[in-house]
Chemist: 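Quick one: the structure is below, questions incoming.
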Amino acid sequence: MKKPNKSIVARDAFELAAALGLKKEDAVAMEFRARLNRKIVELVKAKGVSHAEVAKGARASRTRITAILNGQTMGVSTDFLLRILYALGCKTVPTFSRIKRAA
């Protein structure tokens, strides 16, 4: 008899990375990409633009843009997410902060 799969709840990228056995560095990348994706979705809604309009501005297919807006970013580069943001009239300004190390 098979054991049922145990559900795991992850509240942030760091908990998800730990649950998947990934490194903390992977969690940072996941969080960054998730923030980019949330901003893209926010801008599309706020501007009221169609997926086709976003696709034209980002030089991509409408199908690919729709997938990204639905959170399906597997295989999508960070560069491409930045290009979509630019097409939506948004530039990114990176900020850096020190990592707080556990004692």
Side-chain angles (χ1 to χ4, degrees):
M1 188 164 126
K2 283 186 174 180
K3 290 184 180 181
N5 290 338
K6 183 180 175 185
S7 295
I8 298 173
V9 176
R11 292 175 200 80
D12 60 28
F14 289 94
E15 288 183 10
L16 179 59
L20 295 173
L22 301 174
K23 298 176 185 175
K24 290 181 181 179
E25 295 84 7
D26 296 322
V28 171
M30 289 180 351
E31 179 61 29
F32 179 69
R33 291 171 50 79
R35 286 182 181 190
L36 292 176
N37 198 59
R38 282 192 301 269
K39 187 63 176 180
I40 290 168
V41 171
E42 175 188 311
L43 286 169
V44 169
K45 286 180 181 177
K47 290 177 172 280
V49 294
S50 70
H51 295 188
E53 291 171 309
V54 177
K56 183 178 180 182
R59 300 181 320 275
S61 71
R62 184 197 50 79
T63 304
R64 191 167 187 206
I65 296 299
T66 298
I68 290 167
L69 293 172
N70 288 327
Q72 300 169 5
T73 59
M74 182 69 101
V76 176
S77 71
T78 301
D79 290 350
F80 185 64
L81 295 175
L82 292 170
R83 190 166 80 204
I84 296 168
L85 284 169
Y86 183 80
L88 291 166
C90 185
K91 70 176 183 175
T92 55
V93 180
T95 60
F96 302 92
S97 59
R98 292 200 177 271
I99 298 170
K100 296 178 183 176
R101 303 266 183 205

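The chain is numbered in sequence order, starting from 1.
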Chemist: Rounded at 0.5 Å granularity, tell me how far CD1 in Ile65 sits from CD in Glu53.
Modeler: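 Taking CD1 in Ile65 and CD in Glu53, the distance rounds to 12.0 Å.
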Chemist: Do Phe32 and Tyr86 land in one hydrophobic cluster if side-chain heavy atoms of ILVMFWY residues count as linked below 4.5 Å?
Modeler: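 Shared cluster, no.
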Chemist: Please list all pairs meeting salt bridge (charged side-chain N to carboxylate O under 4.0 Å, His left out) that have one or both residues in residues 8-18, counting only residues at least two apart or in different chains.
Modeler: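 Salt bridge (charged side-chain N to carboxylate O under 4.0 Å, His left out) check on residues 8-18 returns Arg11-Glu15.
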Chemist: Taking Asn70 for the side chain and Thr66 for the main chain, is one N or O donor matched with an acceptor at less than 3.5 Å?
Modeler: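 The answer is yes, because a donor-acceptor pair under 3.5 Å joins these two groups.
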Chemist: So Val49 and Leu88, do their side chains get closer than 4.5 Å, heavy atoms only?
Modeler: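 Yes - at least one pair of side-chain heavy atoms lies under 4.5 Å apart.
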Chemist: Is the shortest distance from a Lys or Arg side-chain nitrogen in Lys39 or Glu42 to a carboxylate oxygen in the other one below 4.0 Å?
Modeler: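 Result for this pair is yes, salt bridge flagged.
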Chemist: Between Lys24 and Phe14, what is the shortest heavy-atom contact and its length?
Modeler: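 The answer is O-CE2, 3.9 Å.
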Chemist: What residues form a side chain to side chain donor-acceptor pair (under 3.5 Å) with Arg62, not counting sequence neighbours?
Modeler: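 Testing Arg62 for side chain to side chain donor-acceptor pair (under 3.5 Å), a comparison that skips the adjacent residues, returns none.
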Chemist: Return the minimal non-hydrogen interatomic distance between Ala60 and Phe80, and the atom names on each side.
Modeler: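 In terms of heavy atoms, the two residues are closest at CB-CZ, 3.3 Å.
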Chemist: For the atom pair CG (Leu36) and CG (Leu85), what is the distance rounded to the nearest 0.5 Å?
Modeler: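 Rounded to the nearest 0.5 Å, the CG-CG separation comes to 6.0 Å.
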Chemist: Rounded to the nearest 0.5 Å, how far does CG of Leu81 lie from CD1 of Ile40?
Modeler: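 Rounded to the nearest 0.5 Å, the CD1-CG separation comes to 4.5 Å.
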Chemist: Quick one: list whatever passes salt bridge (charged side-chain N to carboxylate O under 4.0 Å, His left out) with Glu31, sequence neighbours left out.
Modeler: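 Glu31 satisfies salt bridge (charged side-chain N to carboxylate O under 4.0 Å, His left out) with Arg35, Arg38 once adjacent residues are dropped.
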Chemist: Can you tell me how far the CG atom of Leu82 sits from the SG atom of Cys90, to the nearest 0.5 Å?
Modeler: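 Rounded to the nearest 0.5 Å, the CG-SG separation comes to 9.5 Å.
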Chemist: Which atoms form the tightest heavy-atom contact between Ala17 and Ala27, and what is the distance?
Modeler: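 Of all heavy-atom pairs spanning Ala17 and Ala27, the closest is CB-CB, 3.7 Å.
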Chemist: Quick one: do Leu16 and Val28 end up in the same hydrophobic cluster if we chain Ile, Leu, Val, Met, Phe, Trp and Tyr together by side-chain heavy atoms under 4.5 Å apart?
Modeler: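 No: no chain of side-chain contacts under 4.5 Å links Leu16 to Val28.
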Chemist: Looking at Arg33 and Val76, would you say the former's side chain and the latter's main chain have a donor-acceptor pair under 3.5 Å?
Modeler: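 Side chain of Arg33 to backbone of Val76, a donor-acceptor pair under 3.5 Å: yes, one is there.
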Chemist: What's the spacing between Asn37 CG and Met30 CE if we round to 0.5 Å?
Modeler: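 Here the interatomic distance stands at 13.5 Å.
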